[in-house]
Amino acid sequence: MSYNFLEIEKKWQNYWLENKVFKANDNSHKPKYYVLDMFPYPSGTGLHVGHPLGYIASDIISRFKRNKGFNVLHPMGFDSFGLPAEQYAVKTGQHPKTTTEKNIVRFKDQLDNLGLSFDWDREIKTSDSNYYKWTQWIFLKLYNSYYDEKLNKAQPIEKLKIPTNISQEKMDEFIDSKRLAYVDVIDVNWCEELGTVLANEEVIGGLSERGGFPVVKKPMRQWVMRITDYADRLLEDLDDLEWPESIKLSQKNWIGKSEGAQIKFEVNKKNFVEVFTTRPDTIYGATYLVLAPEHPLIPIITSTTNKKEIDQYIHQTSMKSDLERQESEKSKTGVFTGAYALNPMSKKKMPIWISDYVLYSYGTGAIMAVPAHDERDYEFAKKFNLEITRVIEGGEDVDCYTGDGKIINSENYNGLDNQEFKIIVVDFLEKQKKGEKKVNYKLRDWIFTRQRYWGEPIPILYDGEKKKDLEYEDLPLKLPEVESYLPTKDGSSPLARNKNWVSVQKDGKEYLRETNTMPQWAGSCWYFLRFLDPLNDNEFANKDIIKYWMPVDLYIGGAEHAVLHLLYARFWHKVLFDLSLVNTSEPFKKLVNQGMILGNSAFIHRIKNTNDFISFDLIKGHETQKIHVDISMVDEKNNLDIKKLQKSNPEFEDVNFVYEKSFIVSRDIEKMSKSRYNVVSPDEICKKYGADTLRLYEMFLGPIDQSKPWNTSGITGVFSFLNKFWNLFHTNGKFHVNDEKPNDQILKSYHKVVKKVNSDIENFSFNTSVSAFMICINELSSLGCKSKDILANLCILLSPFAPHICEELWSLLGNKNSISYEKFPMHDEKYLIESMIEYPVSFNGKLRFKINLSASLKQNEVEDIIKNHQSTEKYLNGNSIKKIIFVPKKIINVVC
RNA sequence: GCUCGGGUGGUGGAAUUGGUAGACACGUUGGACUUAAAAUCCAAUGAGCAGUAAUGUUCGUGCGGGUUCAAGUCCCGCCCCGAGUACCA
């Protein structure tokens with residue numbers, strides 16, 4: 001008989017909600033702890049079993065910290081602007097607001113069913129105008145700030161020193177060129193299928209991150225954020241963060257700092273080609289230059305004889321999409337300009353070429369090619385038969401050597417170490433005014449506008465080309481109603497359809513509104529600040545409250561946001577910090593990535609060009625096509641319920657199923673999603689086993705940061721553990737405990753689990769804590785423990801993992817308060833040492849114990865325990881102890 | 001290609017960081033209860049060999065070497081899988 005989890009769980013969920021048990025206090029004498037989840041996008045499918053993984057982990061930490069005496073803030077909200085709601089709106093004509101709100105209700109309900117300890121009084125939605133008012137306000141802060149190179153921080157635009165004696169127009173231009181949010185006509189990533197521009201971070205291998213549609217480069221007028229000014233600080237401050245190394249590394253790579261030199265190559269008296277290189281030491285091996293096809297110098301220096309060929313080449317490459325450009329990676333293409341430049345060191349004449357393997361967007365858009373020591377240059381030189389000169393000794397067995405070595409073929413400098421020579425070259429060129437030390441970044445400015453409906457409107461007005469920012473009183477600038485949410489192919493925003501909204505009178509003047517919207521990342525750049533003070537009408541959050549709670553002590557979410565959300569949020573936060581609006585330079589102190597829970601998709605196979613579906617066991621020799629089927633149509637042994645399938649989908653009524661005994665499907669592990677028909681909802685599990693079981697099971701599945709396929713087969717083990725726990729303190733269905741003092745064996749078992757759980761939670765090793773509980777309950781069962789004290793402490797210990805059952809047992813013990821703020825139990829070292837010395841490690845006549853001393857016991861106390869323990873006697877074999885040697889923290893040698 | 005992770009029973013995964021390898025759970029097998037099934041409980045369960053048995057013994061953490069009294073863990077050289085990234089000069 002299982003305990004009545006349905007009744008118990010509902011009861012406690014209501015109790016927590018009604019009594020606001022998890023309400024965080026903004027001024028408390030307790031130390032604070034801010035636990036944050038990456039808030040979800042409320043999709044139409046609701047939660048699947050993968051979502052709660054991170055939420056359960058953060059909830060365990062929240063509850064643990066509460067029991068440890070911290071004032072815990074654990075809020076939740078919704079990142080409710082975004083593409084899917086809009087795409088759904090385009091399809092059905094329903095307002096995205098309506099569907100989003102419906103989805104949020106469903107999400108909240110599902111979250112509450114899991115017993116998560118959120119402070120719902122602080123709920124926020126990014127699409128709520130009370131929220132995006134402040135997103136717009138921060139946007140204007142960025143618009144009205146510039147980066148002061150000397151102070152190395154952002155400053156209000158009023159402090160900017162503007163050159164005098166220039167026209168008003170020039171002045172405006174100058175100011176605009178310094179703003180952190182600025183407008184520029186630049187080559188952007190245009191995705192026609194999505195009808196919008198995308199940030200560099202949202203393009204992966206020439207395809208859109210969302211949907212995988214082709215992206216082309218196209219010059220457009222866009223709002224851009226000057227994130228590049230922060231490149232160095234975003235890089236350096238990573239060192240102090242407790243983040244997974246892999247995430248730090250991704251951010252480092254994305255920022256892509258490289259140190260080298262910028263060198264001028266003279267073409268004629270008037271013109272020179274400037275290049276960036278990290279290898280100035282190879283300058284004697286630079287035998288030609290290459291310009292990107294977009295390079296502005298090309299029309300100036302090209303000889304008339306080659307003009308036709310060059311124009312054709314430039315035209316060709318401009319037609320290529322990013323994807324096509326990458327595909328042609330293997331074979332290099334290019335044309336000769338007919339012009340030459342002078343190598344400032346070797347004084348040799350170098351031909352200038354044009355090729356698309358040089359990117360205009362990186363460095364100076366031009367390179368000095370050193371074919372002997374750079375693989376791309378080598379390939380190009382081979383193809384076009386250009387000179388290859390070795391200038392570094394080493395790698396004789398390869399055609400192209402990229403390592404270090406002694407300098408050769410470099411006139412007076414031969415024999416030097418190449419790293420040494422690097423410095424000499426830069427010094428020499430600096431004196432000649434032909435070059436300088438230079439740092440380059442891969443990071444580009446953040447393209448900020450989207451040509452979409454369902455996002456924050458940008459609070460800017462236009463009077464022709466002249467911009468005017470809205471004032472505080474004008475915020476929020478609410479999203480207008482439009483006839484159609486459909487994006488346009490020409491790149492204008494759906495907001496432009498509402499003509500009444502677009503034209504506006506202000507101070508007796510006619511203006512037009514900006515019609516683009518902000519990207520989805522905008523709302524999530526600062527939401528963790530709004531949670532601190534969500535109802536504040538006068539500021540985005542009160543300064544004292546910010547000072548109390550920030551930074552976020554623990555941030556839990558998926559690793560897929562490594563360079564998107566996490567980089568943008570850090571950038572905004574640093575701007576707010578520079579403007580003294582927040583008190584920390586980094587928002588998230590510790591970051592933990594939960595792994596993804598994958599789905600176990602099922603497939604049926606159609607024989608190509610027929611209407612026959614063949615069972616997977618008979619598939620050999622057939623060419624087939626895989627089609628997803630809903631996993632609810634399939635049993636554990638991979639048998640397909642054909643009737644059920646045909647009933648739910650009439651498409652399959654007229655097809656022929658070929659099989660022997662039963663129709664077998666094939667399986668594959670994939671990301672969980674509606675389109676793959678492999679979604680498992682937590683609701684069914686909660687109904688069948690309860691939320692406590694689901695919580696424990698998800699934690700038991702494996703290490704929190706690991707991705708793993710969902711598989712329900714082991715859930716009975718966790719479920720029966722909870723029942724054992726319940727039944728241990730029940731006799732014939734009645735609650736049954738006693739006041740007896742627990743014996744040593746019980747205490748040993750109890751202290752073992754206390755220690756394990758304490759250290760495991762700190763290390764995010766939740767799977768092993770669950771195991772430790774199971775062992776403990778098994779041991780206590782066989783020892784027949786019914787001790788009141790033990791139960792009380794076990795309830796507190798287990799409550800972060802399985803809060804409902806613990807609250808119930810806690811109240812059965814006669815307690816009136818929620819368990820949520822009870823003191824977390826601590827272990828007694830004495831009992832642990834005894835169990836550790838039961839298994840000594842011995843060799844060479846010495847008896848050794850491996851004991852992890854955690855300092856609460858003194859050395860002589862440990863000695864006494866060892867001397868008096870029965871198992872010591874057994875291992876000593878009649879010898880007596882002469883000496884006990886303590887090696888710090890690790891092994892104890894007993895010499896006999 | 002480069003950069004990170006990671007390879008342990010039939011499965012998910014433990015192993016106090018160099019000290020009993022396989023905790024815990026699933027699965028499987030056998031047993032108890034039951035008219036029967038479900039549920040529950042008990043026992044066995046890395047592989048091999050010997051033994052009626054208790055037990056003994058050999059092999060065993062992707063492969064090949066090495067360091068050490070002792071290696072899943074450290075070092076060297078390979079193989080495979082996963083993730084990220086991609087002409088960044």
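A32(B) and A37(B): their C1' atoms are spaced 16 Å apart (whole Å). Across G31(B) and U17(B), the matching C1' atoms stand 42 Å from one another, rounded to whole Å. Between U61(B) and G10(B), the two P atoms lie 13 Å apart (nearest whole Å). Remark: the separation of the P atoms in G6(B) and G13(B) is 13 Å, to the nearest Å. Rounded to a whole angstrom, the distance from the P atom of G48(B) to that of A43(B) is 24 Å. Between U40(B) and C26(B), the two P atoms lie 10 Å apart (nearest whole Å). Spacing between A50(B) and A54(B) at atom C1', rounded to whole Å, works out to 14 Å. Distance check on atom P: C24(B) versus G46(B) gives 12 Å, rounded to whole Å.
Proximity of Ser707(A) to the phosphate of G82(B): no side-chain N or O atom is located under 4.0 Å from OP1 or OP2. For U40(B), neither phosphate oxygen OP1 nor OP2 lies less than 4.0 angstrom from any side-chain nitrogen or oxygen of Asn723(A).
Rounded to whole Å, atom P of U40(B) lies 18 Å from atom NE2 of His730(A). Atom CD in Glu294(A) sits about 14 Å away from atom C1' in C87(B), given to the nearest Å. Following rounding to the nearest Å, Asn763(A) (CG) and U17(B) (C1') show an atom-to-atom distance of 12 Å. Between Leu694(A) atom CG and A25(B) atom P the separation is 19 Å, expressed in whole Å. For the pair Phe721(A) CZ and U40(B) P, the computed distance is 15 Å after rounding to whole Å. Phe380(A) places its CZ atom 14 Å from the C1' atom of A89(B), with the value rounded to the nearest Å. Regarding Met596(A), its CE atom lies at a distance of 10 Å from the C1' atom of A83(B), rounded to whole Å. As rounded to whole Å, 13 Å separates atom C1' of A14(B) from atom CE of Met774(A).
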Practice item. Applying side-chain hydrogen bond (donor to acceptor under 3.5 Å, both in side chains), run through Thr364(A) and Glu274(A) and close with a yes or a no. Key: CA-CA 7 Å; Thr364(A) 60; Glu274(A) 199 161 13; over 6 Å; no
**Study point:** Derivation of the ring-ring contact (aromatic ring centres under 6.0 Å, His included) call for Phe773(A) and Phe801(A)
**Key:** CA-CA 10 Å; Phe773(A) 278 121; Phe801(A) 294 83; 5.6 Å; yes
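The ring of Phe380(A) has its center closer than 6.0 angstrom to the ring center of Tyr288(A).
Among the heavy atoms of the strands lying under 4.0 Å from Gln706(A) are primed sugar atoms or P, OP1, OP2 only; no base atom is included. Looking at heavy-atom distances under 4.0 Å, Asp377(A) makes no contact with the nucleic acid at all. In this structure, Ser361(A) reaches neither bases nor backbone, as no heavy-atom distance under 4.0 Å exists between it and the strands shown. When heavy atoms are screened at a 4.0 angstrom cut-off, Lys252(A) is found touching no nucleic acid atom at all.
Among G13(B), C87(B), A89(B), the nucleotide with an atom closest to any side-chain atom of Asp356(A) is C87(B). Considering only the side chain of Ile367(A), A89(B) comes nearest among A14(B), A89(B), C87(B). Residue Phe700(A) has its side chain nearest to G12(B) when only A89(B), A23(B), G12(B) are considered. For Ser771(A), the listed nucleotide lying nearest its side chain is A23(B); candidates were A23(B), C87(B), C41(B). Nearest nucleotide to the side chain of Asp374(A), out of C24(B), A89(B), U40(B): A89(B).
Counting only N and O atoms by type, the side chains of Tyr313(A) and Thr333(A) include a donor and acceptor under 3.5 Å apart. For the residue pair Asp232(A) and Tyr441(A), a side-chain donor N or O sits within less than 3.5 Å of a side-chain acceptor on the partner.
RNA chain B is contacted by both Phe719(A) and Lys756(A); Lys756(A) maps to the nucleotide lying nearer its 5′ end (nearest heavy atom per residue). Nearest-nucleotide assignment on RNA chain B puts the 5′-proximal partner with Ile775(A), out of Ile775(A) and Trp254(A).
In this structure, CG on Asp281(A) lies 7.5 Å from CG on Asp404(A), to the nearest 0.5 angstrom.
Contacts of residues 708-717 of chain A with RNA chain B (heavy atom under 4.0 Å): Ser713(A), Gly714(A), Thr716(A), Gly717(A).
Ring planes of Tyr362(A) and Phe276(A): perpendicular class, angle over 60° (limits at 30 and 60°). Using the six-membered ring where Trp is involved, Phe725(A) and Phe729(A) have ring planes that are perpendicular, over 60° apart on the 30 and 60° scheme.
Remark: the backbone N or O of Lys671(A) is paired with a side-chain donor or acceptor of Asn678(A) at under 3.5 angstrom. No side-chain donor-acceptor contact under 3.5 Å links Lys257(A) to the backbone of Val439(A). At least one donor-acceptor pair under 3.5 Å links the side chain of Lys708(A) to the backbone N or O of Pro703(A). Between the side chain of Asp356(A) and the backbone N or O of Thr317(A) there is no donor-acceptor pair closer than 3.5 Å.
Across all their heavy atoms, Pro296(A) and Tyr360(A) have their closest contact at CD-OH, 3.5 Å.
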Revision key, fill the gap. Each base of RNA chain B marked ( ) or [ ] if paired in-strand (Watson-Crick or G-U under 3.5 Å), | if paired to another strand and . if unpaired gives (((((((..(((......[....)))((((((.......))))))(((((....)))))..(((((..]....))))))))))))....
Point to revise | Contact state string [nucleotides 4-10 of chain B, B base, S sugar-phosphate only, - no protein heavy atom under 4.0 Å] | key: S------
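Contact of the Val753(A) side chain with the Glu779(A) side chain is not registered, since no non-hydrogen atoms from C-beta on lie closer than 4.5 Å.
Using a 90° window around 0 for the glycosidic torsion, U17(B) falls inside it and is classed as syn. For G9(B), the O4'-C1' to base torsion is within 90° of 0; the nucleotide is therefore syn.
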